[in-house]
Amino acid sequence: MNIFINYKVKLVDFFKLLEKDKIIKLPEKFDNFSVEIPKIKTHGDLSTNAPMIFAKVNNLSPVDLAAIIKKELDNKFDEIIKIEVAKPGFLNFFFNKDFWYDFLKATDINFGKSDNLVPKKILIEYVSANPTGPLHVGHCRGAVFGDILANLLSFVGNKVVKEYYINDYGNQINQFVKSVYFRILEINNKVLFPVDQDLYPGEYVIDIAKNILKKNNLNISDNYDLIFNDLKKICIEESMDLIKSDLKNLGIIHNNFVSENYIVSQNLVEKALDILKKKNYVYEGILERPKGNEVDDWEPRKQILFQSTKFGDDSDRALKKSDGTWTYFANDVAYHLNKIDRKFDLLINVLGADHAGYLKRQTSCVSALSENKQQMISKVCQLVKLFKSGNQLKMSKRAGDFITASDLINEVGKDSVRFMMIYRSNDSQLDFDFDLVTDHSKENPVFYVQYAHARICSLFRKTKYEINNEKKINLSFLNHEIEIDIIKKIAEWPKCLELSAYHLEPHRVPFYLYELASLFHTYWNTGNENDNLKILNENHPEIQEARLFLIKKIQLVIKSVLDILNVTAPAEM
RNA sequence: GCGCCCGUAGUUCAAUUGGAUAGAAUGCCAGACUACGAAUCUGGAGGUUGGAAGUUCGACUCUUUCCGGGCGCACCA
């Protein structure tokens with residue numbers, strides 16, 4: 001039930017009739033006119049800018065054309081009690097209340113889901129943090145963003161696969177394994193942990209070392225090379241356990257975990273390289289020294305390069321390191337070939353701000369591999385700044401004392417982390433305020449929306465009444481302004497969903513929820529000022545019935561929004 | 001030097017992707033409970049949307065250019 005789409009279809013049909021009768025002309029593409037609830041009430045219940053879109057081909061001013069359409073439209077539809085032509089060329093429709101009552105009755109458990117959407121197969125890759133330790137706060141944002149985006153896309157009817165790419169190949173992992181090894185030696189043989197910039201000094205490395213010793217599933221030997229492979233495997237498992245536990249605490253469960261090692265071991269890199277070679281996108285050459293950025297130990301190097309500049313990248317990119325192993329990028333090319341082979345309609349990558357520079361080469365390789373056929377969109381999440389008591393907290397991983405995701409989740413709770421992380425556009429930097437989020441008041445938007453849900457539940461606890469036959473309810477008792485406003489806000493939910501899903505902008509969802517909750521709180525308080533406006537009204541069962549029906553629908557929407565956010569909808573607080 | 005992101009009320013951010021009078025929250029000021037849960041609500045003040053030019057019926061939104069902030073810039077992942 002989407003009144004905007006329904007009404008648009010209705011208008012399109014009507015415009016076609018007018019064209020047939022030679023009353024107006026329609027442009028080639030004419031379905032891009034808007035149908036929306038105006039921000040200002042004096043502009044009516046629903047408005048369209050169609051006259052402005054059609055004005056040119058009709059050689060008329062938008063206002064004149066609007067007047068012509070208005071004349072034809074007058075008295076054609078039952079629900080319209082008035083049509084106004086407004087300044088630049090809008091048509092504003094004023095409906096009788098039955099229009100809104102009928103709409104409200106038509107909402108059901110599937111409300112908000114698109115019934116005319118062609119389902120897409122979508123792969124969304126997010127988090128993909130290196131398995132060298134627990135998640136930090138920066139990861140949380142991308143994690144929550146990707147997860148809610150996935151929920152959103154699947155709610156509207158798509159088939160969504162959530163994937164995590166494990167970067168378990170290359171030097172960083174080796175350094176990490178070495179760090180764990182030194183920690184083990186430290187515990188067993190009291191050998192001091194070496195000072196080395198490349199190693200991971202963090203406390204959690206000690207925990208992992210202890211864990212490994214406790215499980216006793218490894219023969220610790222002085223010969224590092226001998227145990228390296230086994231130790232590496234165990235270290236990655238330990239790290240992934242940490243990460244998965246953090247993710248679980250955030251309410252995130254991926255469908256797939258794809259390992260970089262696996263990609264390499266299946267010779268997918270060679271396969272991808274062959275494809276690129278056949279298309280002549282690979283050559284041997286020397287990259288120029290980067291300008292402006294001082295690199296001390298720069299030296300010319302002959303390497304296998306990919307012509308990403310052909311696809312809009314700033315520079316061609318190396319595929320092989322001088323030691324003969326693949327670069328991270330080469331493996332990523334292979335991984336994306338693997339993604340392409342799995343035949344998705346859309347690939348979505350969620351990246352952190354520090355990887356934004358990587359985006360162009362990624363899209364370049366997908367374009368090259370798929371002949372521009374594979375659709376892929378990357379979403380970049382900007383940085384998160386943590387504030388506590390007005391001070392910004394530093395998050396330095398090097399120092400080893402960085403604030404982990406689990407610190408954050410333990411302190412403020414999953415619901416608040418999820419809500420606040422998605423409450424801003426991913427393109428903007430985010431200030432995360434500990435004090436605000438632990439505060440149980442109006443200032444905290446999470447509690448504000450949850451409180452609305454709890455209040456509704458409390459009403460249904462209080463009354464013995466149950467809605468039996470929805471069709472028989474007389475909604476004309478909902479004639480207060482706030483009640484109509486709420487119905488209109490409910491009507492906007494499918495539109496919010498549609499926009500959020502289409503533009504991959506999930507931050508709209510909590511904003512919408514806040515607005516709906518706010519209207520409900522207003523509604524509630526009108527009953528504080530005037531007893532006749534209380535929702536529960538035993539003396540007038542029919543009025544009470546209509547009002548309970550309305551808040552039941554509010555509850556339905558709040559619940560389904562919170563489900564998408566994966567934030568709990570409490571019955572009591 | 002190059003690339004990406006951002007610049008909107010004192011502050012943190014929205015704005016149905018080019019629509020009408022730019023909205024919330026917070027902070028400030030003034031109010032509402034012997035309670036359908038005040039963890040709430042009502043009202044007020046607060047803006048040349050960083051500056052300039054351009055595109056058109058119409059610009060916070062698109063283009064160009066400058067100014068400011070963030071992130072990243074040969075084999076790391």
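These figures come from a predicted structure and were not determined experimentally. All heavy atoms count here, side chains included; hydrogens, waters and symmetry mates do not.
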A:Phe145/A:His507 under ring-ring contact (aromatic ring centres under 6.0 Å, His included): CA gap, chis, key distance, verdict: CA-CA 9 Å; A:Phe145 177 87; A:His507 70 277; 8.8 Å; no

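Separating the CZ atom of A:Phe520 from the P atom of B:A39 is a distance of 14 Å, rounded to the nearest angstrom. Taking atom CD1 of A:Ile243 as the reference point, atom C1' of B:A77 lies 13 Å away to the nearest angstrom. Distance A:Gln175 CD to B:C76 P: 14 Å, rounded to the nearest Å. Distance A:Phe387 CZ to B:U11 P: 13 Å, rounded to the nearest Å. With rounding to whole Å, A:Ile37 atom CD1 is found 16 Å from B:A20 atom P. Taking atom CD1 on A:Ile482 and atom C1' on B:C41, their separation rounds to 11 Å, with Å as the unit.
Comparing B:C13, B:C36, B:G19 by their closest approach to the side chain of A:Asp431 singles out B:C13. Distances were taken from every side-chain heavy atom of A:Tyr514 (C-beta onward) to each of B:A24, B:A14, B:U40; the shortest belongs to B:A24. Closest contact between the side chain of A:Ser47 and the listed nucleotides B:A38, B:A14, B:A20 involves B:A20. The side chain of A:Asn171 lies closest to B:C76 when the candidates are B:C36, B:A39, B:C76. Of the candidate nucleotides B:C76, B:A20, B:G70, B:A20 has the atom nearest to the side chain of A:Phe90. Listed candidates were B:U16, B:A77, B:C36. Nearest to the side chain of A:Ile535 is B:C36. Taking every side-chain heavy atom of A:Arg361 into account, B:A77 is the closest of B:A20, B:A77, B:G37. Checking B:A74, B:A20, B:A77 against the side-chain heavy atoms of A:Glu299 singles out B:A74 as nearest. The nucleotide whose nearest atom lies closest to any side-chain atom of A:Glu529 is, among B:A20, B:C41, B:C13, B:C41. In the set B:A20, B:A77, B:G37, the nucleotide with an atom closest to the side chain of A:Gln172 is B:A77.
Residue side chain A:His355 meets the stacking definition with respect to B:A77: its ring centre sits within less than 5.5 angstrom of the base's six-membered ring centre, and the planes differ by less than 30 degrees. Evaluation of A:Tyr448 against the base of B:A39 yields no stacking contact (centre distance < 5.5 Å, interplanar angle < 30° required). You cannot call A:His507 stacked on the base of B:A14; the centres under 5.5 Å and planes under 30° rule is not satisfied.
For the pair A:Lys8 and A:Phe33, the cation sits on the ring face: its NZ or CZ lies under 6.0 Å from the ring centre, inside 45° of the axis.
Across all strands shown, B:G18 forms no Watson-Crick or G-U wobble pair with both key distances under 3.5 Å. In this entry B:C62 has B:G54 as its Watson-Crick or G-U wobble partner, both defining distances falling under 3.5 Å. With both pairing distances under 3.5 Å, B:G23 is matched to B:C13 as a Watson-Crick or G-U wobble pair. Pairing of B:U40, defined by two Watson-Crick or G-U wobble distances under 3.5 Å, is identified with B:A32. Here B:G47 sits opposite no nucleotide as a Watson-Crick or G-U wobble pair (both hydrogen-bonding atom distances under 3.5 Å).
Proximity of A:Trp524 to the phosphate of B:A35: no side-chain N or O atom is located under 4.0 Å from OP1 or OP2. Contact annotation: A:Lys321 side-chain N/O to B:A77 OP1/OP2 distance is under 4.0 Å. Taking only side-chain nitrogens and oxygens, A:Arg455 comes nearer than 4.0 Å to OP1 or OP2 of B:A38. Of the side-chain N and O atoms in A:Ser428, one or more sit less than 4.0 angstrom from OP1 or OP2 of B:A14.
Using a 4.0 Å heavy-atom distance criterion, A:Thr522 is classed as a sugar-phosphate-only contact. In this structure, A:Lys39 reaches the bases: a heavy-atom distance under 4.0 Å links it to at least one base atom across the strands shown. As judged by a 4.0 angstrom heavy-atom cut-off over every strand, A:Gly527 is placed among the base-contacting residues. A:Lys87 comes within contact range of the sugar-phosphate backbone alone, with a heavy-atom separation under 4.0 Å but no base atom that close. Among the heavy atoms of the strands, none lies under 4.0 Å from A:Pro62. At the heavy-atom level, A:Ala454 lies under 4.0 Å from base atoms of the strands shown. In this structure, A:His503 reaches the bases: a heavy-atom distance under 4.0 Å links it to at least one base atom across the strands shown. Counting non-hydrogen atoms under 4.0 angstrom, A:Asn537 reaches nothing in the nucleic acid. Residue contacts for A:Arg317: at a heavy-atom cut-off of 4.0 Å it reaches no nucleic acid atom on any strand shown. Residue contacts shown for A:Tyr502 are absent, as no nucleic acid heavy atom lies under 4.0 Å away. In this structure, A:Glu492 reaches neither bases nor backbone, as no heavy-atom distance under 4.0 Å exists between it and the strands shown. Looking at heavy-atom distances under 4.0 Å, A:Leu383 makes contact with sugar-phosphate atoms alone, never a base. Residue contacts for A:Phe511: at a heavy-atom cut-off of 4.0 Å it reaches the sugar-phosphate backbone alone, with no base atom in range. A:Ala86 comes within contact range of at least one nucleobase, with a heavy-atom separation under 4.0 Å.
The P atoms of B:A22 and B:U49 are separated by 10 Å, rounded to the nearest whole Å. Of the C1' atoms belonging to B:A14 and B:A24, the separation is 7 Å, rounded to the nearest Å. Distance noted for atom P between B:C67 and B:A30: 46 Å (whole Å). Nucleotides B:G7 and B:G50 are separated by 6 Å at their C1' atoms, to the nearest Å. Taking the P atom of each, B:A74 and B:C13 are spaced 30 Å apart, rounded to whole Å. Between B:C36 and B:A15, the two C1' atoms lie 35 Å apart (nearest whole Å). For the C1' atoms, the distance linking B:G47 with B:U8 amounts to 8 Å, nearest Å. B:U16 sits 14 Å from B:C60 when the C1' atoms are compared, rounded to a whole Å.
No donor-acceptor pair under 3.5 Å is formed between the side chain of A:Asn49 and the backbone N or O of A:Met52. Looking only at distances, no side-chain donor or acceptor of A:Asn338 sits under 3.5 Å from a matching main-chain atom of A:Ala334. Looking only at distances, a side-chain donor or acceptor of A:Tyr512 sits under 3.5 Å from a matching main-chain atom of A:Lys489.
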What pairs of donor and acceptor atoms, side-chain ones from residues 421-429 of chain A against any protein atom, are under 3.5 angstrom apart with sequence neighbours left out?
{"from": "A:Ser425", "atom 1": "OG", "to": "A:Asp427", "atom 2": "N", "distance (Å)": "3.2"}
{"from": "A:Asn426", "atom 1": "ND2", "to": "A:Val380", "atom 2": "O", "distance (Å)": "2.9"}

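A:Lys41 and A:Asp485 are joined by a salt bridge, as a carboxylate oxygen and a charged side-chain nitrogen come within less than 4.0 angstrom of each other.
Minimum interatomic distance between A:Leu135 and A:Val127 (heavy atoms only, all atoms of both residues): CD2-CG1, 4.0 Å.
No donor-acceptor contact under 3.5 Å links the side chain of A:Gln382 to the base of B:C5. Judged by atom type and distance alone, A:Asn49 reaches the base of B:G19 through a side-chain donor-acceptor pair under 3.5 Å.
With values rounded to the nearest 0.5 angstrom, A:Lys339 atom NZ is found 9.0 Å from A:Tyr165 atom OH.
Few gaps surround CD on A:Glu284; more than 12 heavy atoms of other groups in view lie less than 6.0 Å from it.
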